[in-house]
Amino acid sequence: MVKQKELIKSLQEFQANSVVFAHLVHGFHWNTESVLMRQSRIIYEEIYKDAENAVHDISVWLRRLNGEAPYTLEEFIANQTLGNVKPATYCGVEMAQHLVPINQRMIEDIKILVEQAIVHREHGLVQFLSNRLGQHQEWDWFLQSSLKLPPNPWKSLKD
């Protein structure tokens, strides 16, 4: 039962970090300024909406495991482990650069959670977390790829 409490605590941290992540990206959606503003807003909207849905699913898993699903801002602040994530920029490229390590931290945290869920034989949770992992890994690929510029940024990398 003690180990189950560790899993619940880790899920509560993941839930809080997902709230912070979703709100950060939502803020990017509102505030981005760049030549590619339209494209940035589209991808940021996709990311924050998916991350917000994940918060719901994490909360359901917490209740399934007989844990509490925190829901107040105070609880999210107390449980989050990402720190102060607000960048000092509205530049779309700098926002993406800022988001990469935060998203990679989410990836690493999910991997740890998967290991904990395997130990507890929570195979449904493993599946859910694996899906979350895949989504964050796709965003990592997208963000990192979008930051690569060819010598002439107006030409394709293949030209």
Side-chain angles (χ1 to χ4, degrees), residues 5-117 120 122 124-148:
K5 287 183 181 183
E6 291 174 13
L7 177 60
I8 289 169
K9 175 71 174 142
S10 294
L11 268 176
Q12 288 171 334
E13 287 176 2
F14 180 52
Q15 178 206 39
N17 287 346
S18 295
V19 168
V20 170
F21 181 84
H23 283 289
L24 173 67
V25 179
H26 202 162
F28 285 7
H29 172 77
W30 289 328
N31 292 298
T32 189
E33 296 174 350
S34 75
V35 174
L36 300 174
M37 180 178 160
R38 178 78 175 128
Q39 294 86 340
S40 295
R41 286 180 53 91
I42 290 168
I43 189 61
Y44 289 145
E45 182 176 28
E46 177 185 316
I47 292 172
Y48 86 73
K49 284 184 175 182
D50 185 78
E52 285 175 347
N53 287 335
V55 171
H56 167 78
D57 295 337
I58 297 163
S59 299
V60 170
W61 272 104
L62 282 163
R63 296 304 296 147
R64 285 180 185 169
L65 296 171
N66 295 316
E68 179 184 358
Y71 57 92
T72 66
L73 292 177
E74 293 81 11
E75 290 171 310
F76 295 140
I77 291 167
N79 289 333
Q80 72 100 358
T81 59
L82 295 176
N84 181 5
V85 295
K86 184 177 179 183
T89 184
Y90 291 133
C91 171
V93 171
E94 290 175 357
M95 286 176 162
Q97 290 171 331
H98 182 80
L99 190 56
V100 167
I102 295 167
N103 187 57
Q104 288 174 342
R105 167 75 186 275
M106 297 291 289
I107 289 169
E108 293 309 312
D109 288 350
I110 295 168
K111 288 178 181 179
I112 292 167
L113 266 168
V114 167
E115 291 173 9
Q116 289 177 332
H120 291 287
E122 292 291 345
L125 179 57
V126 170
Q127 181 179 353
F128 165 71
L129 292 169
S130 294
N131 290 336
R132 293 305 319 143
L133 178 62
Q135 190 61 65
H136 280 275
Q137 288 171 328
E138 183 176 325
W139 295 334
D140 184 61
W141 164 70
F142 178 82
L143 290 166
Q144 293 208 48
S145 294
S146 68
L147 292 170
K148 293 178 183 175

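Every heavy atom of this structure was used, including side-chain atoms; hydrogens, water molecules and symmetry mates were not.
Taking CD1 of I110 as the start and CZ of R105 as the end, the distance is 11.5 Å to the nearest 0.5 Å. Separating the CD atom in Q39 from the OG atom in S146 is a distance of 11.0 Å, to the nearest 0.5 Å. Atom-to-atom distance recorded for Q137:CD and K111:NZ is 6.0 Å, nearest 0.5 angstrom. How far CD1 of I58 is from CG of N53: 11.0 Å, rounded to the nearest 0.5 Å.
Here H136 and F21 bring their ring centres to under 6.0 angstrom of each other. Y44 and H29 have their aromatic ring centers separated by at least 6.0 angstrom.
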In residues 61-72, what donor-acceptor pairs under 3.5 Å come from side-chain atoms, sequence neighbours left out?
{"from": "R63", "atom 1": "NH1", "to": "G67", "atom 2": "O", "distance (Å)": "2.7"}
{"from": "T72", "atom 1": "OG1", "to": "E75", "atom 2": "N", "distance (Å)": "3.1"}
{"from": "T72", "atom 1": "OG1", "to": "E75", "atom 2": "OE1", "distance (Å)": "3.1"}

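In this structure the side chain of F142 reaches within 4.5 angstrom of the side chain of I43, judged on heavy atoms. Side-chain contact between L125 and L113 is absent, with no heavy-atom pair separated by less than 4.5 Å. In this structure the side chain of D57 never reaches within 4.5 angstrom of the side chain of R132, judged on heavy atoms.
Sorted by first and then second residue, the pairs that involve residues 10-19 and meet side chain to side chain donor-acceptor pair (under 3.5 Å), not counting sequence neighbours, are S10-Q116, Q15-S59, N17-T81.
Listed for the T32 side chain is no donor-acceptor partner under 3.5 Å among the backbone atoms of F28. With hydrogens and angles ignored, the 3.5 Å screen pairs no side-chain donor or acceptor of N103 with any backbone N or O of L99. Using modelled atom types, one side-chain atom of H98 and one backbone atom of V85 make a donor-acceptor pair closer than 3.5 Å.
A salt bridge links E45 with K49: at least one charged nitrogen is closer than 4.0 Å to a carboxylate oxygen.
For the residue pair Q135 / N131, no side-chain donor-acceptor distance below 3.5 Å is found, with atom types taken as modelled.
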